[in-house]
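These numbers were taken from a predicted model, which means no experiment stands behind them. A note on names: the letters A, B, ... follow the listed sequences, proteins ahead of strands, and every chain is numbered from 1.
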2 protein chains.
Amino acid sequence: MIMLDLQSETPIYMQLKNKIIEGIASKQLNPGDPLPSVRNLAQDLGINMHTVNKAYQLLKQDGIIHIHRQKGVVINPDGMPEADDSYVTLLKEQLRPLLSESICRGMGEEEILSYCKGIMEEIKKGGDKT
Amino acid sequence: MIMLDLQSETPIYMQLKNKIIEGIASKQLNPGDPLPSVRNLAQDLGINMHTVNKAYQLLKQDGIIHIHRQKGVVINPDGMPEADDSYVTLLKEQLRPLLSESICRGMGEEEILSYCKGIMEEIKKGGDKT
DNA sequence: TTGTCTGTTATATAATTGATATAACAGTTA
DNA sequence: TAACTGTTATATCAATTATATAACAGACAA
(Lines give C-alpha, C1' and ligand atoms only; values in the text may rest on other atoms or scores of the structure.)
Protein backbone atom coordinates (compact mmCIF):
# COMPACT_ATOMS: atom_id res chain seq x y z
CA MET A 1 0.00 0.00 0.00
CA ILE A 2 1.25 3.41 -0.99
CA MET A 3 1.87 5.76 1.92
CA LEU A 4 1.68 9.50 1.43
CA ASP A 5 2.74 12.30 3.74
CA LEU A 6 0.01 14.89 3.54
CA GLN A 7 2.08 17.21 5.74
CA SER A 8 5.10 17.11 3.46
CA GLU A 9 6.12 20.14 1.44
CA THR A 10 6.41 17.80 -1.51
CA PRO A 11 3.12 17.97 -3.45
CA ILE A 12 0.94 14.88 -3.16
CA TYR A 13 0.83 14.30 -6.90
CA MET A 14 4.64 14.39 -6.98
CA GLN A 15 4.94 11.94 -4.09
CA LEU A 16 2.58 9.60 -5.89
CA LYS A 17 4.52 9.87 -9.13
CA ASN A 18 7.75 9.13 -7.27
CA LYS A 19 6.26 6.13 -5.47
CA ILE A 20 5.18 4.57 -8.76
CA ILE A 21 8.59 5.18 -10.34
CA GLU A 22 10.25 3.69 -7.30
CA GLY A 23 7.94 0.70 -7.57
CA ILE A 24 9.14 0.14 -11.11
CA ALA A 25 12.80 0.60 -10.16
CA SER A 26 12.38 -2.03 -7.44
CA LYS A 27 10.55 -4.34 -9.86
CA GLN A 28 7.52 -4.44 -7.63
CA LEU A 29 5.83 -3.00 -10.70
CA ASN A 30 6.67 -4.44 -14.12
CA PRO A 31 5.87 -3.52 -17.75
CA GLY A 32 2.27 -4.41 -18.51
CA ASP A 33 1.15 -4.37 -14.89
CA PRO A 34 -2.18 -2.61 -14.32
CA LEU A 35 -2.59 0.41 -12.07
CA PRO A 36 -5.80 1.29 -10.21
CA SER A 37 -8.29 3.64 -11.80
CA VAL A 38 -7.97 7.30 -10.85
CA ARG A 39 -11.14 7.09 -8.79
CA ASN A 40 -10.23 3.89 -6.97
CA LEU A 41 -6.71 4.99 -6.13
CA ALA A 42 -7.96 8.37 -4.99
CA GLN A 43 -10.43 6.73 -2.65
CA ASP A 44 -7.86 4.25 -1.33
CA LEU A 45 -5.40 7.06 -0.60
CA GLY A 46 -8.04 9.42 0.72
CA ILE A 47 -7.21 12.12 -1.81
CA ASN A 48 -8.92 13.78 -4.74
CA MET A 49 -9.40 12.16 -8.11
CA HIS A 50 -7.70 15.04 -9.92
CA THR A 51 -4.59 14.71 -7.79
CA VAL A 52 -4.18 11.11 -8.94
CA ASN A 53 -4.97 12.12 -12.49
CA LYS A 54 -2.24 14.76 -12.40
CA ALA A 55 0.35 12.16 -11.36
CA TYR A 56 -0.86 9.78 -14.08
CA GLN A 57 -0.71 12.50 -16.73
CA LEU A 58 2.91 13.29 -15.85
CA LEU A 59 3.85 9.62 -15.97
CA LYS A 60 2.08 9.33 -19.31
CA GLN A 61 3.95 12.35 -20.70
CA ASP A 62 7.23 10.69 -19.74
CA GLY A 63 6.18 7.44 -21.42
CA ILE A 64 6.28 5.52 -18.17
CA ILE A 65 2.64 4.43 -18.27
CA HIS A 66 0.06 3.93 -20.98
CA ILE A 67 -3.53 5.01 -20.65
CA HIS A 68 -6.18 3.36 -22.82
CA ARG A 69 -9.36 5.35 -22.80
CA GLN A 70 -11.61 2.79 -21.14
CA LYS A 71 -9.32 -0.18 -20.70
CA GLY A 72 -7.36 1.30 -17.86
CA VAL A 73 -3.83 2.28 -16.89
CA VAL A 74 -0.80 0.03 -17.29
CA ILE A 75 2.96 0.28 -16.89
CA ASN A 76 4.38 0.80 -20.39
CA PRO A 77 4.47 -2.75 -21.82
CA ASP A 78 7.35 -1.84 -24.16
CA GLY A 79 9.57 -0.99 -21.22
CA MET A 80 10.82 2.25 -19.80
CA PRO A 81 11.92 5.33 -21.78
CA GLU A 82 15.65 5.81 -22.19
CA ALA A 83 17.77 8.20 -20.19
CA ASP A 84 18.35 10.54 -23.13
CA ASP A 85 20.36 13.75 -23.18
CA SER A 86 17.52 15.97 -22.02
CA TYR A 87 16.86 13.68 -19.06
CA VAL A 88 20.50 13.54 -18.07
CA THR A 89 20.72 17.32 -18.27
CA LEU A 90 17.72 17.66 -15.98
CA LEU A 91 19.09 15.03 -13.62
CA LYS A 92 22.38 16.88 -13.30
CA GLU A 93 20.60 20.16 -12.60
CA GLN A 94 18.72 18.52 -9.76
CA LEU A 95 21.69 16.67 -8.33
CA ARG A 96 24.02 19.66 -8.35
CA PRO A 97 22.54 21.67 -5.46
CA LEU A 98 22.25 18.54 -3.31
CA LEU A 99 25.88 17.58 -3.90
CA SER A 100 27.00 21.18 -3.45
CA GLU A 101 25.53 21.47 0.02
CA SER A 102 26.91 18.09 1.01
CA ILE A 103 30.41 19.17 0.03
CA CYS A 104 29.78 22.51 1.71
CA ARG A 105 29.01 20.72 4.98
CA GLY A 106 32.26 18.84 4.86
CA MET A 107 31.19 15.50 3.48
CA GLY A 108 33.88 13.73 1.48
CA GLU A 109 33.40 12.61 -2.08
CA GLU A 110 33.56 8.91 -1.19
CA GLU A 111 31.15 9.46 1.68
CA ILE A 112 28.59 11.04 -0.62
CA LEU A 113 28.99 8.34 -3.26
CA SER A 114 28.61 5.75 -0.51
CA TYR A 115 25.26 7.24 0.47
CA CYS A 116 24.11 7.20 -3.15
CA LYS A 117 25.16 3.57 -3.39
CA GLY A 118 23.29 2.73 -0.21
CA ILE A 119 20.13 4.40 -1.43
CA MET A 120 20.28 2.56 -4.73
CA GLU A 121 20.66 -0.76 -2.91
CA GLU A 122 17.63 0.11 -0.80
CA ILE A 123 15.62 0.99 -3.88
CA LYS A 124 16.46 -2.25 -5.67
CA LYS A 125 15.52 -4.25 -2.60
CA GLY A 126 12.18 -2.48 -2.50
CA GLY A 127 12.84 -0.94 0.87
CA ASP A 128 10.16 1.51 1.78
CA LYS A 129 12.20 2.82 4.68
CA THR A 130 9.35 5.18 5.50
CA MET B 1 28.51 37.44 -11.31
CA ILE B 2 25.56 35.37 -10.24
CA MET B 3 23.24 34.35 -13.05
CA LEU B 4 19.60 33.58 -12.37
CA ASP B 5 16.99 31.98 -14.59
CA LEU B 6 13.82 33.96 -14.08
CA GLN B 7 11.93 31.51 -16.28
CA SER B 8 12.92 28.48 -14.22
CA GLU B 9 10.36 26.65 -12.13
CA THR B 10 12.88 26.81 -9.30
CA PRO B 11 12.04 29.85 -7.16
CA ILE B 12 14.49 32.74 -7.45
CA TYR B 13 15.28 32.79 -3.73
CA MET B 14 16.11 29.08 -3.91
CA GLN B 15 18.36 29.55 -6.94
CA LEU B 16 20.18 32.31 -5.11
CA LYS B 17 20.60 30.19 -1.99
CA ASN B 18 21.98 27.34 -4.11
CA LYS B 19 24.41 29.62 -5.95
CA ILE B 20 25.85 30.87 -2.68
CA ILE B 21 26.20 27.35 -1.30
CA GLU B 22 27.87 26.28 -4.52
CA GLY B 23 30.20 29.24 -4.24
CA ILE B 24 31.27 28.02 -0.82
CA ALA B 25 31.65 24.42 -2.00
CA SER B 26 33.93 25.62 -4.81
CA LYS B 27 35.87 27.82 -2.38
CA GLN B 28 35.09 30.91 -4.41
CA LEU B 29 33.49 32.03 -1.16
CA ASN B 30 35.28 31.40 2.12
CA PRO B 31 34.44 31.73 5.83
CA GLY B 32 34.49 35.40 6.80
CA ASP B 33 33.95 36.67 3.27
CA PRO B 34 31.38 39.48 3.02
CA LEU B 35 28.24 39.26 0.96
CA PRO B 36 26.48 42.25 -0.65
CA SER B 37 23.68 43.98 1.24
CA VAL B 38 20.18 42.83 0.44
CA ARG B 39 19.49 46.05 -1.41
CA ASN B 40 22.69 46.05 -3.45
CA LEU B 41 22.43 42.42 -4.45
CA ALA B 42 18.78 42.86 -5.36
CA GLN B 43 19.64 45.78 -7.61
CA ASP B 44 22.56 43.94 -9.22
CA LEU B 45 20.38 40.92 -9.98
CA GLY B 46 17.38 42.98 -10.99
CA ILE B 47 15.12 41.39 -8.40
CA ASN B 48 13.29 42.47 -5.29
CA MET B 49 14.99 43.15 -1.96
CA HIS B 50 12.71 40.72 -0.13
CA THR B 51 13.62 37.90 -2.47
CA VAL B 52 17.28 38.32 -1.55
CA ASN B 53 16.32 38.65 2.10
CA LYS B 54 14.44 35.37 1.96
CA ALA B 55 17.49 33.56 0.61
CA TYR B 56 19.69 35.17 3.29
CA GLN B 57 17.27 34.21 6.06
CA LEU B 58 17.31 30.56 4.98
CA LEU B 59 21.11 30.54 4.84
CA LYS B 60 21.16 32.16 8.28
CA GLN B 61 18.79 29.52 9.69
CA ASP B 62 21.14 26.81 8.43
CA GLY B 63 24.14 28.54 10.01
CA ILE B 64 25.81 29.09 6.67
CA ILE B 65 25.98 32.87 6.96
CA HIS B 66 26.02 35.38 9.81
CA ILE B 67 24.07 38.60 9.76
CA HIS B 68 25.15 41.48 11.98
CA ARG B 69 22.47 44.10 12.28
CA GLN B 70 24.35 47.00 10.72
CA LYS B 71 27.72 45.45 9.98
CA GLY B 72 26.55 43.36 7.09
CA VAL B 73 26.41 39.77 5.92
CA VAL B 74 29.34 37.34 6.00
CA ILE B 75 29.99 33.67 5.36
CA ASN B 76 30.06 31.98 8.78
CA PRO B 77 33.61 32.70 10.04
CA ASP B 78 33.59 29.57 12.22
CA GLY B 79 33.13 27.37 9.18
CA MET B 80 30.21 25.42 7.85
CA PRO B 81 27.62 23.50 9.87
CA GLU B 82 28.09 19.76 10.08
CA ALA B 83 26.17 17.22 8.06
CA ASP B 84 24.24 15.94 11.07
CA ASP B 85 21.65 13.17 11.13
CA SER B 86 18.73 15.41 10.26
CA TYR B 87 20.59 16.78 7.25
CA VAL B 88 21.59 13.34 6.02
CA THR B 89 18.00 12.18 6.39
CA LEU B 90 16.77 15.10 4.32
CA LEU B 91 19.50 14.55 1.76
CA LYS B 92 18.52 10.92 1.32
CA GLU B 93 14.87 11.83 0.90
CA GLN B 94 15.79 14.21 -1.89
CA LEU B 95 18.24 11.86 -3.61
CA ARG B 96 15.93 8.85 -3.56
CA PRO B 97 13.44 9.92 -6.26
CA LEU B 98 16.25 11.12 -8.54
CA LEU B 99 18.11 7.83 -8.26
CA SER B 100 14.88 5.84 -8.58
CA GLU B 101 14.02 7.37 -11.91
CA SER B 102 17.56 6.93 -13.18
CA ILE B 103 17.44 3.22 -12.37
CA CYS B 104 13.96 3.09 -13.82
CA ARG B 105 15.29 4.44 -17.12
CA GLY B 106 17.92 1.76 -17.32
CA MET B 107 20.98 3.59 -16.07
CA GLY B 108 23.49 1.34 -14.34
CA GLU B 109 24.70 1.88 -10.80
CA GLU B 110 28.25 2.72 -11.89
CA GLU B 111 26.91 5.05 -14.57
CA ILE B 112 24.89 7.01 -12.02
CA LEU B 113 27.78 7.18 -9.56
CA SER B 114 29.99 8.33 -12.41
CA TYR B 115 27.66 11.26 -13.09
CA CYS B 116 27.66 12.19 -9.40
CA LYS B 117 31.44 12.07 -9.41
CA GLY B 118 31.58 14.26 -12.49
CA ILE B 119 29.25 16.84 -11.00
CA MET B 120 31.30 16.99 -7.80
CA GLU B 121 34.47 17.56 -9.83
CA GLU B 122 32.75 20.38 -11.68
CA ILE B 123 31.60 21.93 -8.43
CA LYS B 124 35.06 21.83 -6.87
CA LYS B 125 36.54 23.41 -9.98
CA GLY B 126 33.98 26.18 -9.77
CA GLY B 127 32.45 25.29 -13.10
CA ASP B 128 29.32 27.26 -13.73
CA LYS B 129 28.37 25.04 -16.68
CA THR B 130 25.31 27.23 -17.17
C1' DT C 1 23.76 66.61 14.26
C1' DT C 2 22.53 65.25 9.85
C1' DG C 3 22.52 62.01 6.31
C1' DT C 4 23.12 57.55 4.73
C1' DC C 5 23.63 52.93 5.13
C1' DT C 6 22.36 48.44 7.46
C1' DG C 7 18.93 44.47 8.47
C1' DT C 8 14.23 44.07 9.88
C1' DT C 9 9.29 44.38 9.98
C1' DA C 10 4.76 45.40 8.31
C1' DT C 11 1.31 45.69 4.63
C1' DA C 12 -0.57 45.14 0.28
C1' DT C 13 -1.07 43.24 -4.21
C1' DA C 14 -0.90 39.94 -8.09
C1' DA C 15 0.08 35.58 -10.30
C1' DT C 16 0.75 30.89 -9.81
C1' DT C 17 0.32 26.42 -7.77
C1' DG C 18 -1.75 22.61 -5.14
C1' DA C 19 -5.82 20.42 -3.76
C1' DT C 20 -10.52 19.86 -3.48
C1' DA C 21 -15.49 19.54 -5.12
C1' DT C 22 -19.16 18.80 -8.69
C1' DA C 23 -20.59 17.84 -12.90
C1' DA C 24 -20.78 16.21 -17.33
C1' DC C 25 -19.18 13.56 -21.63
C1' DA C 26 -17.96 9.46 -24.47
C1' DG C 27 -16.68 4.98 -24.91
C1' DT C 28 -16.51 0.01 -22.75
C1' DT C 29 -18.16 -3.73 -20.55
C1' DA C 30 -21.23 -6.66 -17.72
C1' DT D 1 -29.61 -0.48 -19.13
C1' DA D 2 -26.24 0.23 -15.55
C1' DA D 3 -21.75 0.73 -13.95
C1' DC D 4 -17.35 1.71 -15.01
C1' DT D 5 -13.33 4.05 -17.60
C1' DG D 6 -10.37 8.40 -18.66
C1' DT D 7 -11.20 13.13 -19.80
C1' DT D 8 -12.73 17.84 -19.58
C1' DA D 9 -14.74 21.91 -17.64
C1' DT D 10 -15.73 24.92 -13.77
C1' DA D 11 -15.34 26.65 -9.33
C1' DT D 12 -13.37 27.46 -4.87
C1' DC D 13 -9.82 27.84 -1.28
C1' DA D 14 -5.24 28.04 0.74
C1' DA D 15 -0.50 28.60 0.25
C1' DT D 16 3.51 30.16 -2.23
C1' DT D 17 6.28 33.34 -5.00
C1' DA D 18 7.50 37.87 -6.15
C1' DT D 19 6.80 42.48 -6.19
C1' DA D 20 6.10 47.35 -4.23
C1' DT D 21 6.11 50.88 -0.46
C1' DA D 22 6.91 52.26 3.80
C1' DA D 23 8.72 52.69 8.16
C1' DC D 24 11.93 51.58 12.21
C1' DA D 25 16.30 51.37 14.82
C1' DG D 26 21.09 51.03 15.18
C1' DA D 27 25.83 52.28 13.14
C1' DC D 28 28.91 55.19 10.97
C1' DA D 29 30.89 59.10 8.44
C1' DA D 30 30.96 63.98 7.19
Side chain of [X] (C-beta onward), nearest among [options]:
X: B:Thr51; options: C:dT6, D:dT19, C:dT20; result: D:dT19
X: B:Met49; options: D:dG6, D:dA22, C:dG7; result: D:dA22
X: B:Ser37; options: D:dT5, C:dT9, C:dG7; result: C:dG7
X: B:Asn53; options: C:dA19, D:dT7, C:dT8; result: C:dT8

Looking for any heavy atom pair under 4.0 Å, which part of the strands does A:Tyr13 touch: base, sugar-phosphate only, or nothing? sugar-phosphate

Categorize A:Gln57 for me: base, sugar-phosphate, or nothing, with a 4.0 angstrom heavy-atom threshold over every strand shown.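 Here A:Gln57 touches the backbone only, sparing every base.
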
Without hydrogens or angle criteria, can the side chains of B:Ser102 and B:Tyr115 be said to hold a donor-acceptor pair below 3.5 Å?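 Result is no, nothing qualifies.
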
[X] has an atom [atom1]; how far is it from atom [atom2] of [N], in whole Å?
X: B:Met14; N: D:dA18; atom1: CE; atom2: C1'; answer: 14 Å
X: B:Asn48; N: C:dA15; atom1: CG; atom2: P; answer: 16 Å
X: A:Leu16; N: C:dT20; atom1: CG; atom2: C1'; answer: 16 Å
X: A:His68; N: D:dG6; atom1: NE2; atom2: C1'; answer: 12 Å
X: B:Ile67; N: D:dA27; atom1: CD1; atom2: P; answer: 17 Å
X: A:Ile12; N: C:dA21; atom1: CD1; atom2: C1'; answer: 15 Å
X: A:Leu58; N: C:dA19; atom1: CG; atom2: P; answer: 12 Å
X: B:Lys60; N: C:dT6; atom1: NZ; atom2: P; answer: 17 Å

Whenever both distances are under 3.5 Å in a Watson-Crick or G-U wobble pair, mark it; put DNA chain C into dot-bracket that way, with [ ] for crossing pairs and | when the partner is on another strand. |||||.|||||||||||||||||||.||||

With a 3.5 Å cut-off and heavy atoms only, can you find an N or O donor on one side and an acceptor on the other between the side chain of B:His50 and the base of C:dA10? yes

What about B:Arg39: does its side chain form a donor-acceptor pair under 3.5 Å with the base of C:dT8?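 Flag set: donor-acceptor pair detected.
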
Closer to the 5' end of DNA chain C via nearest nucleotide, is it A:Lys54 or B:Gly72? B:Gly72

Take atom CG in A:Asp84; do more than 12 heavy atoms of anything else shown fall under 6.0 Å from it?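 Atom CG in A:Asp84 is packed in, count exceeds 12.
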
With no hydrogens and no angle check, is any side-chain donor or acceptor of [X] less than 3.5 Å from a backbone partner on [Y]?
X: B:Asp33; Y: B:Asn30; answer: yes
X: A:Asn48; Y: A:His50; answer: yes
X: B:Ser100; Y: B:Arg96; answer: yes

What do the steps show when you test B:Glu22 against B:Gln28 for side chain to side chain contact (heavy atoms under 4.5 Å, CB included), and what is the final call? CA-CA 9 Å; B:Glu22 200 175 316; B:Gln28 290 173 337; over 6 Å; no

For the pair B:Ile112 and A:Cys116, evaluate side chain to side chain contact (heavy atoms under 4.5 Å, CB included) and give the outcome as yes or no after the intermediate values. CA-CA 9 Å; B:Ile112 296 172; A:Cys116 291; over 6 Å; no

